[in-house]
Amino acid sequence: MKKNKALLVAGVLGTASIVYLATRKKIEQSFPVVTPFDINRYLGRWYEIARLDFKWEKNLTKTTAHYSLNKDGSVKVVNQGWHLKKEEWQLSEGKAKPRSKNTGALKVSFFGPFYDEYNVVEITTDYKYALVFGKNTDYMWILSREKTVPDLVLNLFLLKAKSFGFKTEDLVWPDHE
């Protein structure tokens, strides 16, 4: 009888642990962002050099983001990429707003009133290369005005990402040829 109780308790605890691990939310982090940040210099086309893959970008290559100013002061965001399996261009349009003035802390939405964090945590002084984190270590992008990034910049971005706990070994490197 005692053995059955012990097995039952162990089973319940094991099941509860599995349910907890499967349903828990990744803890949101606060990342230091670029300050001062000039949104006007950030506008234009960016090539996605690397990303941590997620549902909306799965199987995409030749990925770019284009930012332009809306009349209301928000930023129009147009992301596009070639879907390798469907063999067609995928396009998503959204908008971004600053979370605080003159910083790289933005919020971006592709689904109406639902916004997510977009944190520009590193950018070169010429605004040619940027490192962007999302709300937690599941979201990260390395962006460039060109189809490549110099090794020095890339290595610095990767080191910074690792220092915040990002799994850089899981990065996807879209082709731009």
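- A donor-acceptor pair under 3.5 Å links the side-chain atoms of Arg145 to the main chain of Arg45, judged by distance alone.
- Under a hydrophobic-cluster definition in which Ile, Leu, Val, Met, Phe, Trp and Tyr are linked whenever side-chain heavy atoms come within less than 4.5 Å, directly or via other members, Val132 and Phe37 are assigned to the same cluster.
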For this session: For Arg99 and Glu117, run salt bridge (charged side-chain N to carboxylate O under 4.0 Å, His left out): C-alpha distance rounded to whole Å, both residues' side-chain angles, the deciding distance at 0.1 Å, then the answer.
Result: CA-CA 9 Å; Arg99 289 194 336 261; Glu117 287 186 29; 3.8 Å; yes

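- The backbone N or O of Leu60 lies less than 3.5 Å from no partner atom in the side chain of Thr63, so there is not a single donor-acceptor pair.
- Going from atom CG of Leu143 over to atom CD of Glu48 covers 7.0 Å, rounded to the nearest 0.5 Å.
- In terms of heavy atoms, Tyr47 sits closest to His176 at CD2-ND1, 3.6 Å.
- Between the side chain of Ser109 and the backbone N or O of Pro113, no donor-acceptor pair lies under 3.5 Å.
- Across all their heavy atoms, Asp38 and Tyr127 have their closest contact at N-OH, 2.9 Å.
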Considering only distance and modelled atom types, tabulate donor-acceptor pairs under 3.5 Å from the side chains of residues 84-91, sequence neighbours left out.
unit_1, atom_1, unit_2, atom_2, d
Glu88, OE2, Gln90, NE2, 3.0

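- Every side-chain contact (heavy atoms from CB on, under 4.5 Å) that Thr124 has, sequence neighbours left out, goes to Asp126, Lys128, Tyr129, Val153.
- At distances below 3.5 Å, at least one donor-acceptor pair connects side-chain atoms of Arg41 with backbone N or O atoms of Thr125.
- Both Phe157 and Trp173 are part of a single hydrophobic cluster, where members link through side-chain heavy atoms under 4.5 Å apart.
- Asn70 pairs by the side-chain contact (heavy atoms from CB on, under 4.5 Å) definition with Asp72, Ser74, Lys76, Lys95, not counting sequence neighbours.
- Scanning for salt bridge (Lys or Arg N to Asp or Glu O under 4.0 Å) contacts around Lys160 gives Glu122, with sequence neighbours left out.
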For this session: Go through Val34 and Thr103 one step at a time and tell me if the side-chain contact (heavy atoms from CB on, under 4.5 Å) criterion holds.
Result: CA-CA 6 Å; Val34 173; Thr103 73; over 6 Å; no

For this session: Output, in order, the C-alpha distance, side-chain angles, deciding distance and verdict of side-chain contact (heavy atoms from CB on, under 4.5 Å) for Leu52 and Leu171.
Result: CA-CA 5 Å; Leu52 286 175; Leu171 286 171; 3.9 Å; yes

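- The hydrophobic clustering, which links ILVMFWY residues whose side-chain heavy atoms are closer than 4.5 Å, places Leu131 and Phe164 together.
- In this structure, the side-chain contact (heavy atoms from CB on, under 4.5 Å) partners of Leu69, at least two apart in sequence or on a different chain, are Asn40, Leu43, Val75.
- Shown here for Val120 and Ile123, the closest heavy-atom pair between the two residues is CG1-CB, 4.3 Å.
- Distance alone, capped at 3.5 Å, places no donor-acceptor pair between the Asp53 side chain and the Val172 backbone.
- At a threshold of 4.5 Å between non-hydrogen side-chain atoms, the residues Thr35 and Asn102 do not count as touching.
- Of all heavy-atom pairs spanning Val121 and Pro32, the tightest one is CG1-O, 3.2 Å.
- Between Val149 and Ser144, the shortest heavy-atom contact is CG2-CB, 3.7 Å.
- Interatomic distance, Lys147 NZ to Glu177 CD, rounded to the nearest 0.5 Å: 5.5 Å.
- Thr61 places a side-chain N or O within donor-acceptor distance of the main-chain N or O of Asp175, the cut-off being under 3.5 Å.
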For this session: Start with the C-alpha distance between Leu154 and Thr148, add both sets of side-chain angles, then the distance that settles side-chain contact (heavy atoms from CB on, under 4.5 Å), and finish with yes or no.
Result: CA-CA 9 Å; Leu154 185 61; Thr148 60; over 6 Å; no

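- Ring centroid separation for the pair Phe133 and Tyr139 does not come in under the 6.0 Å cut-off.
- Nearest approach of Ala161 to Thr168, heavy atoms of both residues: CB-CG2, 3.9 Å.
- Sorted by first and then second residue, the pairs that involve residues 100-126 and meet ring pair (Phe, Tyr, Trp, His ring centres under 6.0 Å), not counting sequence neighbours, are Trp56-Phe111.
- Glu57 and Trp141 are linked by a side-chain donor-acceptor pair at a separation below 3.5 angstrom, with hydrogens and angles left out of the test.
- Note that CG of Asp116 and CG of Leu106 are 12.5 Å apart. Values are rounded to the nearest 0.5 Å.
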